[in-house]
2 protein chains.
Amino acid sequence: MGSSDNEWRRGRGYHHGNLRQVLLDAAGKLIEQHGPLGFSLAEAARLAGVSPAAPYRHFRDRDALLSEVARTGFERFAAQLETAWDNGRPTPLQAIENLGRAYLNFARNEPAAYAVMFQTVGENGKELQDMPAADHAFNVLQKATAELCKALPAAERPPSRLVSLHIWALAHGVATLLSESRGERRKVPVSPEEVLESGMLIYLKGLGVLGEGPAGGAGPA
Amino acid sequence: MGSSDNEWRRGRGYHHGNLRQVLLDAAGKLIEQHGPLGFSLAEAARLAGVSPAAPYRHFRDRDALLSEVARTGFERFAAQLETAWDNGRPTPLQAIENLGRAYLNFARNEPAAYAVMFQTVGENGKELQDMPAADHAFNVLQKATAELCKALPAAERPPSRLVSLHIWALAHGVATLLSESRGERRKVPVSPEEVLESGMLIYLKGLGVLGEGPAGGAGPA
DNA sequence: GATCCCATGTGAACGGCTTTTACTTGAACC
DNA sequence: GGTTCAAGTAAAAGCCGTTCACATGGGATC
């Protein structure tokens, strides 16, 4: 709340200030609290102190607002993945593990955005795929796997797109199945990070990208 | 009454017949059509030819009906996985590939159930985990990975629960990210089955379970 | 500085949804 | 035949999304 300067009116001279952004923030809070299904446009409006019809001056409908939440989410997601990858430094292996951790961190820190990105949007195949921000995020992963695959002799080098799909699927699966709200946590007293990292290590060993470091990633003792 | 024992009236002497099951079927159809969010109890009742209040004689509320859809879905899921695994025949490797295909087949053939199982249920961490049927499905996977891991020297054998989580996450990720309604399909002209199978092969090779068969699972040409 | 314009917000309304309440019905049992 | 109780109905309250006509006031124009 520290924005004591006149941020609340910077966009242009609105009536409310910058209702558009306020609604997006309110949506984030509500989705975090009640899940992306429990989100209601009316409640967001109430939380922003405007009438239920006001949001329609800024978003075509409820789905459009949710789409925007997803879009900005993908942008932050891509940026964080890119930062974590850091152009493969210090080493591609270390970097891709950082990338995996960044993936899970995003899913944990922004559950609302993550849920909307991969759940609400594209619910019944409506209108998700034309989202350049999502492509950007995936491209970071693809860039990383391509760099990794360069260490392989071309003969046994699988298409790097396939490799990035494997890693994406693994990361998404871990993030989804072991998210904090899910019950598997009790029976699986292991952190998502541990699961993803060990899984990636085994996978990368199978790929041939891995001298022979921590064999299996779960060596006992 | 001549106990003609007609099926449409078998449960007990209902008014409608077997409304409970009819509602569950209607829910399945509607969820397939409009996605699990677009499902409406009222529409299901209309489709079953009863008043909007009738479902409340059979389900506590909307979520209870959805939970039941998820529960029966998990039962079929577990059964199909078990059949595919077939106690590790003909060979554990072949069997676990069958299991992967069965996973994707279920997600494709019963998108409504799959979506509800992993999406609607447990939306905001409400009440999903006490679902024995879900445990049963996971146990099939765990049994399979345990069998697989037996081929490994105990020294480098990771906890089989961890291995089953890896495979589950990979399968779930592939099923989710590459489902037919998703747009990635265009850019990734490769079937989910191919992605999952190649991913599993690479992973299993990394595990050490894999003589040296199809290296990488994506040998060019 | 007065005036006009149009983006932005309001209020009221429609239809649909979920859920509860009081009621009706009719099959099963004695 | 009469009673009972599960199963269905009707009506209503309260929420939501969405649309419409209308109000308002900040900024551009003269």
Side-chain angles (χ1 to χ4, degrees), chain A residues 6-24 26-27 29-31 33-69 116 120-121 123-124 126-127, chain B residues 1-24 26-27 30-31 33-69 116 120-121 123-124 126-127:
Chain A
N6 299 349
E7 289 224 20
W8 48 277
R9 207 175 246 190
R10 64 165 174 197
R12 288 169 67 186
Y14 292 179
H15 284 171
H16 170 167
N18 49 349
L19 181 56
R20 184 184 163 89
Q21 191 55 46
V22 170
L23 283 174
L24 288 172
K29 274 181 200 162
L30 291 177
I31 294 170
Q33 286 177 10
H34 312 121
L37 293 95
F39 163 72
S40 111
L41 199 48
E43 194 171 359
R46 214 176 303 134
L47 209 139
V50 296
S51 80
Y56 290 85
R57 297 295 168 192
H58 298 272
F59 303 97
R60 192 163 32 75
D61 57 12
R62 184 181 183 276
D63 280 358
L65 191 154
L66 251 18
S67 258
E68 184 65 11
V69 171
V116 174
T120 299
V121 170
E123 185 41 58
N124 41 4
K126 254 187 182 175
E127 41 152 344
Chain B
M1 293 304 192
S3 59
S4 53
D5 196 7
N6 296 352
E7 291 230 9
W8 49 276
R9 209 178 244 187
R10 63 168 176 196
R12 289 171 66 186
Y14 291 178
H15 283 173
H16 167 118
N18 50 351
L19 182 57
R20 184 184 162 90
Q21 190 54 47
V22 170
L23 282 174
L24 288 172
L30 291 177
I31 294 169
Q33 286 177 11
H34 313 121
L37 295 96
F39 164 72
S40 112
L41 199 48
E43 195 172 357
R46 214 177 303 133
L47 208 137
V50 295
S51 80
Y56 290 86
R57 297 295 166 191
H58 299 272
F59 303 97
R60 194 165 31 74
D61 57 12
R62 183 181 183 277
D63 280 358
L65 191 153
L66 252 18
S67 257
E68 185 64 10
V69 170
V116 174
T120 299
V121 170
E123 187 40 60
N124 42 3
K126 254 188 182 176
E127 43 152 342

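Not measured: the values here are computed from a predicted model. Letters go in sequence order (proteins before strands), and every chain restarts at 1.
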Report task. Whole angstrom is fine here: how far is it from CG in B/L66 over to P in C/dT18? Result -> 10 Å
Requested in this report: Let me know the distance between CG of B/L19 and C1' of D/dT9, rounded to the nearest Å.
Outcome: 13 Å
Report task. Report yes if some heavy atom in the side chain of B/E68 is under 4.5 Å from a heavy atom in the side chain of B/L65; otherwise report no. Result -> no
Query - Any B/H58 side-chain nitrogen or oxygen under 4.0 Å from OP1 or OP2 of D/dA6 - result: no
Query raised in the report: Tell me: CZ of B/F59 to P of D/dG8, nearest whole Å?
Result: 11 Å
Query raised in the report: Rounded to the Å, how far apart are A/R20 CZ and C/dT8 P?
Result: 10 Å
Let me have the donor-acceptor pairs involving side chains of residues 41-54 of chain B, under 3.5 Å, with sequence neighbours excluded, atom names and distances please.
| residue | atom | partner | partner atom | Å |
| --- | --- | --- | --- | --- |
| B/S51 | OG | B/A53 | N | 3.4 |

Query raised in the report: D/dC16 C1' sits how many Å from A/L65 CG, rounded?
Result: 15 Å
**Report entry** Nearest-Å distance for atom pair CG/P, residues B/L37 and C/dT18
**Finding:** 13 Å
**Report entry** For A/V116 against A/L66, the heavy-atom pair lying closest together
**Finding:** CG1-O, 3.4 Å
Query - Nearest heavy atoms of A/A27 and A/V69, plus distance in Å - result: CB-CG2, 4.2 Å
Query raised in the report: Can you check the B/F39 CZ to D/dC16 C1' distance for me, whole Å?
Result: 17 Å
Requested in this report: Check A/R62 against A/F39 and note the closest heavy-atom contact, atom names and distance.
Outcome: NH2-O, 2.7 Å
Requested in this report: Using only side-chain N and O atoms of A/R60, determine if any of them is under 4.0 Å from OP1 or OP2 of D/dT18.
Outcome: no
Query raised in the report: Roughly how far apart are B/H58 NE2 and B/L24 CG, rounded to 0.5 Å?
Result: 10.0 Å
Requested in this report: Check each residue of residues 50-57 of chain A for a non-hydrogen atom within less than 4.0 Å of any atom in DNA chain C, then write out the ones that pass by number, or none.
Outcome: A/V50, A/S51, A/A53, A/A54, A/R57
Query raised in the report: Separation of A/H34 atom NE2 from D/dC15 atom P, in whole Å?
Result: 14 Å
